[in-house]
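Since the structure comes first, as structure tokens, the remarks are kept for the end.
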Amino acid sequence: MPLTLNLNPWRTTIKKPTPSSKKLIPLEEAGQKAAEIYAAPEPPVHGRIIGLDCHPDTYTAAVFKGSTPHDARKLCERDKLSLESLLTWVAKEFTSEDLFLLEAGSNSFEIYRRLLALGLRAVVLESCHVGQRAKTYADNDKMAAARMVRVYLAGDAPCVWVPDPKTCERRELLHAHQSAVAAHTAAVNTLKSYLGMFAIRPGSRGLQLERTRKWVLQQRDWLPLQRELLAIYFAQLDSQAQRRKQLTGLIAQEVSAEPLMLRCMKLLGIGMINAFALLAIIGDVRRFERPEKLVAYIGLNPGQRQSGAGKNIKIGIGKRGRGDLRHLLIQGSQAVLKMGRNTPLGKWGWKLFARKGHRNIAVAAVARKLVVQVWHLLSGNPPVTLESNKSLALKLQKLAVALGASLRVQLGLPSNLKQCILELQQRILSPSST
């Protein structure tokens with residue numbers, strides 16, 4: 001059964017108004033009234049608290065009893081458990097009255113779901129809050145498991161949202177695509193670096209084209225071993241390009257089948273990849289009751305360090321939040337500014353650039369406005385920073401080309417490119433997309 005978070009005044013670190021009922025309605029049932037909730041549930045009255053330190057191969061558990069850091073007692077601990085032995089142990093020893101604590105990590109969501117499947121309660125704590133309490137002079141898995149419990153009882157560790165399976169699927173695809181883009185870029189740079197050793201500069205020639213490769217071979221008398229190296233570099237480039245193309249096609253399938261993603265493409269600076277990344281990272285926008293919370297989640301809100309009358313340091317957006325989505329939105333805002341004063345948002349960005357004197361400030365500010373528009377669009381409110389019909393048609397054309405003619409037919413779209421664009425436009429305007 002899904003975990004229901006019970007907010008209570010005992011935890012004062014995060015304040016969130018809740019309905020009069022003590023039991024929080026799950027997100028699936030709450031509808032638009034639900035919002036992002038980080039507060040952890042209160043300690044179990046009759047149950048135990050179990051901190052789980054999860055690694056890829058081993059798991060360590062520390063079992064506590066108590067409701068505050070002062071009266072917490074360690075009952076037992078288990079170290080170096082395999083996944084099978086961990087699940088067997090918890091199924092035998094614990095009930096739904098107990099509460100399992102996990103630190104956000106690579107496999108924490110999977111362990112969380114397996115615990116729920118056993119009828120147990122679990123929450124995933126933010127790793128940054130738990131990690132701040134680590135001892136610098138000594139640390140091990142047993143101490144880490146116990147530390148989760150003590151940080152939780154102190155009220156210093158908020159929870160993270162556990163994404164649903166569809167959102168997890170999309171996040172995995174996004175991560176694979178970003179890895180493929182990085183690997184493809186590295187393959188291109190490796191080949192260019194090798195050619196640069198011989199003062200050969202391809203310029204604007206496409207390295208994936210056969211005529212470019214013939215041109216490279218004609219530039220000098222290559223030795224046999226050098227020809228073998230060139231063949232390896234070209235094969236590596238082809239392999240990474242094919243991998244990137246396949247993953248881009250999978251993203252195109254998701255976007256063409258999801259009306260909300262298509263609607264996001266109506267916004268300035270949001271193309272196919274950005275629209276997919278937004279839904280993959282955000283998941284259910286009802287987690288965020290205000291657009292400012294979404295901006296902070298992505299990490300586009302400027303930081304500040306202020307103390308007294310003499311210290312007031314502005315540190316910019318920094319490296320907080322979801323960097324995987326933030327850098328895509330920064331690229332989108334760069335595209336908006338490149339369009340110049342053709343759009344109201346671009347005009348506002350250039351005015352801010354002229355006033356502040358730094359382009360990066362204007363780029364981050366435009367990205368923030370894009371996020372606010374995304375929040376309103378996903379929440380059912382009409383956005384204002386929309387693309388022109390011509391720009392939207394170009395975006396949809398790129399989407400249709402990424403799908404390919406055969407795949408368009410399989411997805412129920414016309415094989416003809418122009419008709420496919422019209423069909424995608426109809427999907428955007430259809431009532432079901434709202």
Would you call the rings of Phe94 and Trp89 parallel, tilted or perpendicular, where under 30° means parallel and over 60° means perpendicular?
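Rings of Phe94 and Trp89: perpendicular, over 60°.
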Using salt bridge (Lys or Arg N to Asp or Glu O under 4.0 Å), reason through Glu258 and Arg170 one step at a time and then give a plain yes or no.
CA-CA 12 Å; Glu258 176 54 68; Arg170 289 171 173 174; 3.2 Å; yes
If only atom types and distance count, is the side chain of [X] paired as donor or acceptor with the main-chain N or O of [Y] below 3.5 Å?
X	Y	answer
Arg171	Ala280	yes
Arg244	Ala180	no
Arg427	Ser256	yes
Gln208	Leu237	no
Arg121	Ser96	yes
Ser333	Val363	yes
Ser85	Ser82	yes
Ser193	Asn189	no
Asn107	Glu110	no
Lys395	Ile270	yes

Test side chain to side chain contact (heavy atoms under 4.5 Å, CB included) applied to Leu102 and Val123, Val160, Val162, Leu115, the passing residue:
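Result: among Val123, Val160, Val162, Leu115, Leu115 is the only option passing the side chain to side chain contact (heavy atoms under 4.5 Å, CB included) with Leu102.
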Side chain to side chain contact (heavy atoms under 4.5 Å, CB included) test vs Leu153 passes for just one of Thr68, Ile49, Asp71, namely Ile49
Distance, nearest 0.5 Å, that separates [atom1] of [X] from [atom2] of [Y]:
X	Y	atom1	atom2	value
Leu116	Ile111	CG	CD1	11.5 Å
Met339	Leu345	CE	CG	9.5 Å
Leu300	Arg322	CG	CZ	13.0 Å
Leu403	Thr248	CG	OG1	11.0 Å
Ile428	Gln426	CD1	CD	9.5 Å
Leu386	Lys266	CG	NZ	6.0 Å

Under 4.5 Å between any side-chain heavy atoms of [X] and [Y], yes or no?
X	Y	value
Leu52	Leu86	yes
Cys76	Glu93	no
Trp348	Thr385	no
Ile282	Trp375	no
Leu260	Arg263	yes
Met148	Asp53	yes
Ser108	Leu125	no
Ile251	Leu173	yes

Shortest non-hydrogen contact from [X] to [Y]?
X	Y	value
Gly346	Thr343	N-OG1, 3.0 Å
Ala61	Ala145	C-CB, 4.2 Å
Gly283	Thr167	CA-OG1, 3.9 Å
Arg243	Ser179	NH2-CB, 3.7 Å
Ala62	Val149	O-CG2, 4.2 Å
Pro302	Arg368	CD-NH1, 3.8 Å

Stepwise side chain to side chain contact (heavy atoms under 4.5 Å, CB included) check, Met143 with Asn140
CA-CA 5 Å; Met143 296 173 65; Asn140 55 41; 3.2 Å; yes
Stepwise, does the salt bridge (Lys or Arg N to Asp or Glu O under 4.0 Å) test hold for Arg286 with Asp284?
CA-CA 5 Å; Arg286 294 173 297 179; Asp284 194 335; 2.5 Å; yes
Does atom NZ of Lys65 have more than 12 heavy-atom neighbours, drawn from other residues, nucleotides or ligands, at distances under 6.0 Å?
yes
Count the heavy atoms of every other residue, nucleotide or ligand shown that sit under 6.0 Å from NE2 of His175, and state whether that count exceeds 12.
no
For Ala277, give me all partners under side-chain contact (heavy atoms from CB on, under 4.5 Å), at least two apart in sequence or on another chain.
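By the side-chain contact (heavy atoms from CB on, under 4.5 Å) rule, Ala277 matches Leu174, Leu325, Leu328.
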Residues two or more places apart in sequence or in another chain: which of them pass side-chain contact (heavy atoms from CB on, under 4.5 Å) with Leu87?
Leu83, Arg114, Leu118
Go through Phe353 and Ile361 one step at a time and tell me if the side chain to side chain contact (heavy atoms under 4.5 Å, CB included) criterion holds.
CA-CA 7 Å; Phe353 178 25; Ile361 295 178; over 6 Å; no
Test salt bridge (Lys or Arg N to Asp or Glu O under 4.0 Å) on Arg147 and Glu103 and set out the steps.
CA-CA 10 Å; Arg147 183 168 60 243; Glu103 182 180 0; 5.6 Å; no
Would Gln419 and Arg408 count as a side chain to side chain contact (heavy atoms under 4.5 Å, CB included) here? Give the steps.
CA-CA 11 Å; Gln419 294 179 358; Arg408 290 198 294 267; over 6 Å; no
Mind running side chain to side chain contact (heavy atoms under 4.5 Å, CB included) on Gln240 and Val188 for me, showing each step along the way?
CA-CA 9 Å; Gln240 298 300 338; Val188 171; over 6 Å; no
